[in-house]
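The model shown is predicted, which means the values in this text are computed figures rather than measured ones.
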Amino acid sequence: SENGEWLTVRILPIQDKQSTFVDDEYTHYYQISFDGIDAVLGSTIDGSNVLVWQNDGLTYQVSSSSDLSAEGIKLDSSSNG
């Protein structure tokens with residue numbers, strides 16, 4: 001966008017073998033649930049976020065430069081990983 005914010009959505013089929021690399025130095029991870037689906041939310045020190053889950057043979061990844069809590073996702077800081 002004009003103000004530098006971005007949002008990326010990826011939807012991919014689950015293959016036999018997949019790898020995911022995560023940053024554990026600059027990102028805090030939270031396990032969340034919505035609509036009965038377990039997901040992982042990563043929040044980085046620069047304010048960007050990534051939300052990942054799988055359902056019906058697909059992997060979903062939503063990445064954003066903005067705070068996802070503004071979109072209705074609330075984090076409990078006591079569960080901070």
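- The CD1 atom of Ile14 lies 4.0 Å from the OG1 atom of Thr59; values are rounded to the nearest 0.5 Å.
- Judged as a side-chain hydrogen bond (donor to acceptor under 3.5 Å, both in side chains), and not counting sequence neighbours, the contacts of Asp38 are Ser33.
- Residues Ser43 and Tyr29 fail the side-chain proximity criterion, which asks for heavy atoms closer than 4.5 Å.
- Considering OG of Ser65 and CD of Glu5, their distance stands at 5.0 Å, rounded to 0.5 Å.
- Hydrophobic clustering (side-chain heavy atoms under 4.5 Å, transitive across Ile, Leu, Val, Met, Phe, Trp, Tyr) groups Ile37 together with Val9.
- Residues satisfying the side-chain contact (heavy atoms from CB on, under 4.5 Å) criterion with Thr44, sequence neighbours excluded, are Thr27, Asp46, Ser48.
- Residues Trp53 and Val62 have side chains in contact (heavy-atom distance under 4.5 Å, counting atoms from C-beta outward).
- A distance of 10.5 Å separates OH of Tyr60 from CD of Gln54, quoted to the nearest 0.5 Å.
- Contact between Ser64 and Leu7 at its shortest, heavy atoms only, is CB-CD1, 3.8 Å.
- Leu51 and Ile11 fall within a single hydrophobic cluster, where Ile, Leu, Val, Met, Phe, Trp and Tyr are joined by side-chain heavy atoms under 4.5 Å apart, directly or via other members.
- The CG atom of Asn49 sits 12.5 Å away from the NE2 atom of His28 when rounded to the nearest 0.5 Å.
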